[in-house]
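Take a look at the structure set out below.
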Amino acid sequence: MRIAYHVSNREDARAAHQRLKAAYGEASLDEADVLVALGGDGSMLDALHSVMGRGIAVYGMNFGSIGFLMNEPDEDGLPERLERAERAAIHPLRAVGRTVHGGPFETLAINEVSLLRETRQTAKIRISIDGKVRLQELAADGVLVATPAGSTAYNFSAYGPILPLDSQLLALTPISAFRPRRWRGALLRHSCVVTLDVLEPEKRPVSVVGDNKEFRDAETVTISEAGDVTLTMLFEEGRTLDERILLEQFTS
């Protein structure tokens, strides 16, 4: 098995990379059968972005703080464990938008696409689903759309729901909603198209953030599941992403 590595800047991750490379060799990403990410969940997201369109599965070893998307850092018998690993296929979100200056932007996000206020003033956002306005004005710090894979990340911290991987749902979750004060968000079919229009975008500037990419001074963004893009994560037997999502709901 030809293994490529994506390594974080942590000292323990770099040291593990040297040991793994000595034991099992290292291939370039163009030649690899699998990409092993050494780091935390951020490194896993970076690794997944690096293989979009390549059809290469990604296996994560946790050398970070949380490691929800990662496996334990066991270096013994790695090729055999990769062969036995269980696969989880996910689709990212596609965000297509425009800034107040007229500049277009587009990005893919594995966890979530979030809109965040840039200044002390509350963001005001109109929410449309499949072309129909569902909330004329949300006054909040922001709002996000999360995938099932990302539902335990920022979405969960914002009191959004945890979604099973095969639920075929997206979470639409407000961030510190001021008005409507009691609105807690919505569960949407995975095929829904969400349009978020920033109201008073010059007075109340808002950024769009998709995983690790930020687009400032956004005016509008449309978010949908990128069904044409499939990413594959590998997990140790009995520790699939579905199992982790389930366990997270019983963790205090």
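- Here the side chains of Leu93 and Leu170 are in contact, with some heavy-atom distance below 4.5 Å.
- Looking at heavy atoms from C-beta onward, Tyr59 lies in side-chain contact with Glu236 at the 4.5 angstrom threshold.
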Donor-acceptor pairs under 3.5 Å, side chain of residues 39-50 to any protein atom, not counting sequence neighbours: which ones?
residue	atom	partner	partner atom	Å
Asp41	OD1	Phe68	N	3.0
Asp41	OD1	Leu69	N	2.8
Asp41	OD2	Phe68	N	2.9
Asp46	OD1	Asn212	ND2	2.9
His49	NE2	Asp211	OD2	2.9
Ser50	OG	Ala47	O	2.6

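- Note on Ile125 and Ile175: separate hydrophobic clusters, where clusters join Ile, Leu, Val, Met, Phe, Trp and Tyr whose side-chain heavy atoms are under 4.5 Å apart, directly or indirectly.
- Looking at Leu82 and Tyr24, their side chains never come closer than 4.5 Å, going by heavy atoms from C-beta outward.
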Which donor-acceptor pairs under 3.5 Å do the side chains of residues 28-35 make with protein atoms, sequence neighbours left out?
residue	atom	partner	partner atom	Å
Ser28	OG	Glu31	N	3.4
Ser28	OG	Glu31	OE1	3.4
Asp30	OD1	Arg54	NH1	2.7
Asp33	OD1	Arg2	NH2	3.0
Asp33	OD2	Arg2	N	2.8
Asp33	OD2	Arg2	NE	3.3

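- Counting only residues at least two apart or in different chains, salt bridge (Lys or Arg N to Asp or Glu O under 4.0 Å) contacts with residues 91-104 comprise Arg94-Glu106, Arg94-Asp228, Arg98-Glu219.
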Test log, rule side-chain contact (heavy atoms from CB on, under 4.5 Å), inputs Val194 and Ile129:
CA-CA 5 Å; Val194 181; Ile129 310 296; 3.9 Å; yes
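- Annotation: salt bridge (charged side-chain N to carboxylate O under 4.0 Å, His left out) contacts of Lys203 (sequence neighbours excluded): Glu200.
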Would Val58 and Thr232 count as a side-chain contact (heavy atoms from CB on, under 4.5 Å) if you check the C-alpha gap in whole Å, the side-chain angles of each, and the deciding distance to 0.1 Å?
CA-CA 6 Å; Val58 181; Thr232 302; over 6 Å; no
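- The salt bridge (Lys or Arg N to Asp or Glu O under 4.0 Å) pairs that include a residue from residues 151-178 number zero, where partners must be two or more places apart or lie in different chains.
- Atom CG of Leu231 sits about 5.5 Å away from atom CD1 of Ile110, to the nearest 0.5 Å.
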Listing, residues 133-143 side-chain donor-acceptor contacts under 3.5 Å, not counting sequence neighbours, or none:
residue	atom	partner	partner atom	Å
Glu137	OE2	Arg179	NH2	3.4
Asp141	OD1	Arg117	NE	2.6
Asp141	OD1	Arg117	NH2	3.4

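- Every ring-ring contact (aromatic ring centres under 6.0 Å, His included) that Phe215 has, sequence neighbours left out, goes to Phe105.
- Two residues are said to be in side-chain contact when any heavy atoms from C-beta on lie closer than 4.5 Å; Val113 and Leu144 fail this criterion.
- Side-chain atoms of His91 come within 3.5 Å of backbone N or O of Val229 as a donor-acceptor pair.
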Enumerate, atom names and distances included, each donor-acceptor pair closer than 3.5 Å involving a side-chain atom of residues 152-162, sequence neighbours excluded.
residue	atom	partner	partner atom	Å
Asn155	OD1	Thr173	OG1	2.6
Asn155	ND2	Ser151	O	2.9
Asn155	ND2	Pro161	O	2.8

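- Remark: Asp74 CG is packed, more than 12 non-hydrogen atoms of other residues, nucleotides or ligands lying under 6.0 Å away.
- Contact record, Leu38 with Ala16: CD1-C, 4.4 Å, taken as the closest heavy-atom pair.
- Listed by first and then second residue, the salt bridge (Lys or Arg N to Asp or Glu O under 4.0 Å) pairs that reach into residues 182-196 are Asp130-Arg189, sequence neighbours excluded.
- With hydrogens and angles disregarded, no donor-acceptor distance shorter than 3.5 Å links the side chain of Thr99 to the backbone of Ala218.
- Using a 4.5 Å heavy-atom cutoff, the side chains of Thr119 and Pro205 are in contact.
- The shortest distance between side-chain heavy atoms of Leu234 and Arg87 falls below 4.5 Å.
- Counting only heavy atoms from C-beta outward, the side chains of Ile90 and Leu165 approach each other to under 4.5 Å.
- Note that the CZ atom of Arg204 and the CD atom of Gln121 stand 5.0 Å from one another [nearest 0.5 Å].
- Here Leu169 is tied into one hydrophobic group with Leu163, Leu187, each link being a pair of ILVMFWY side chains closer than 4.5 Å.
- For His6, there are no side chain to side chain donor-acceptor pair (under 3.5 Å) partners at least two apart in sequence or on another chain.
- In this structure, CZ on Phe63 lies 12.0 Å from CZ on Arg14, to the nearest 0.5 angstrom.
- When the shell of 6.0 Å around CD of Glu202 is examined, it contains 12 or fewer heavy atoms from other residues, nucleotides or ligands.
- Ser207 and Glu214 get closest at one heavy-atom pair: OG-OE2, 3.0 Å.
- Using a 4.5 Å cut-off between side-chain heavy atoms of Ile, Leu, Val, Met, Phe, Trp and Tyr, with links allowed through other members, Leu115 and Ile127 fall into the same hydrophobic cluster.
- If you take CG on Leu188 and CD1 on Ile223, they are separated by 10.5 Å, rounding to the nearest 0.5 Å.
- Taking each heavy atom of Arg10 and Gly64 in turn, the nearest pair found is NH1-CA, 4.1 Å.
- Every ring-ring contact (aromatic ring centres under 6.0 Å, His included) that His17 has, sequence neighbours left out, goes to Tyr5.
- Rounding to the nearest 0.5 Å gives a distance of 9.0 Å between CE of Met70 and CZ of Phe235.
- Using a 4.5 Å heavy-atom threshold, the side chains of Glu72 and Asn62 count as separate.
- Distance OG1/Thr220 to CG/Leu199: 10.0 Å, rounded to 0.5 Å.
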